[in-house]
Amino acid sequence: MIINRLGVDPQRDVAEPAEDISASLEKSPVLVAELGNESVETIPNSLQTRLGAPVLHKLGAGSTRLVSIRADSQESSTVRRPQNTPETQSPHTDGCFMASPPTVVALYCSSPAASGGESVLVDGARLLEECTAELAPHELSALFRDDAYEIARGDQVLRRAVLVTERAGGPPRVGLYFSSHEFNTVDVHPDARRGFDLLARLSRDPSYQQNLDLRAGECLIFVNSRILHGRRSWRDSETAVRHFQRGWYAAHRSRVSAGVSADDLTPRAREKLLAAAGGDG
Ligand SMILES: [Fe+2]
């Protein structure tokens with residue numbers, strides 16, 4: 001997996017970095033943008049300028065443009081997210097409990113942990129390649145069922161597909177909407193069980209993972225249905241408290257394609273996957 005890096009000069013016209021970000025994500029699904037030091041007050045607008053209108057997070061009683069991720073969260077217990085602990089979170093797609101998960105996810109590092117807390121990335125193309133090799137056609141087809149699994153995150157519950165054919169021009173694309181981590185619960189359809197468990201096993205296998213240690217002022221931006229993401233556990237100290245802010249974006253969907261392109265797969269995997277997507281596997 002190639003991780004592009006982009007320096008964003010605050011003196012430049014903001015339209016240009018936005019174009020740069022879209023173009024970069026289209027070529028390679030992971031980008032680290034060096035935004036520099038932004039405050040909690042300025043980062044929501046700064047990201048919105050570059051990534052478009054945000055998909056709102058439903059958090060307790062309210063909605064918010066960015067979600068604060070830190071272990072010492074000042075948020076009241078009614079809106080406190082279970083993810084706001086320093087524990088490991090296994091790789092997943094964000095927002096699977098929503099009918100339209102975000103196309104793009106941004107994770108801005110306000111300050112890194114004293115130790116640990118690396119972001120973990122898993123390439124969806126590699127997962128699809130392995131799934132097509134390991135699973136029988138009917139097991140692969142079951143991942144495309146719209147009742148493949150039910151996911152619950154607090155009071156948000158949705159039954160959905162794991163793999164989705166993305167509607168876009170150009171080569172066919174398959175989006176990966178897999179979420180089974182420490183802070184949600186899932187109920188998997190028996191026919192989809194083998195494929196779901198395979199995705200869980202592979203995405204937790206270190207040989208499929210790439211770690212990324214973000215510095216303050218860096219923003220990890222990635223295509224949500226093409227890359228699974230998680231994090232390692234961490235330790236804060238008196239002077240180093242890990243604080244990330246996460247935003248979800250959909251507005252650039254026309255310019256940033258969701259899912260894995262069939263062109264990124266071997267011919268054998270492409271043929272088997274598209275046959276399974278068509279239901280004739
Ligand atoms: Fe996440």
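This one's a predicted model, so the numbers in the text were calculated from it and none came from an experiment. Counting starts at 1 for both ligands and their atoms, in listed order.
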Does the pair F178 and Y149 meet the rule for a ring-ring contact (aromatic ring centres under 6.0 Å, His included), with working shown? CA-CA 9 Å; F178 173 81; Y149 75 113; 7.1 Å; no

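- Side chain to side chain, S90 and E182 meet the donor-acceptor criterion of an N or O pair below 3.5 Å.
- Looking at S68 and H243, their side chains do bring a donor and an acceptor atom within 3.5 Å of each other.
- Side-chain atoms of Q209 and R232 include a donor-acceptor pair closer than 3.5 Å.
- For the Fe ion (ligand 1), the neighbouring protein N/O/S atoms at less than 2.8 Å, given as residue and atom, are H92 NE2, D94 OD1, H229 NE2.
- A 6.0 Å sphere centred on CZ of R235 holds no more than 12 heavy atoms belonging to other residues, nucleotides or ligands.
- By the side chain to side chain donor-acceptor pair (under 3.5 Å) test, N45 is found to be paired with R65, residues two or more places apart in sequence or in another chain being considered.
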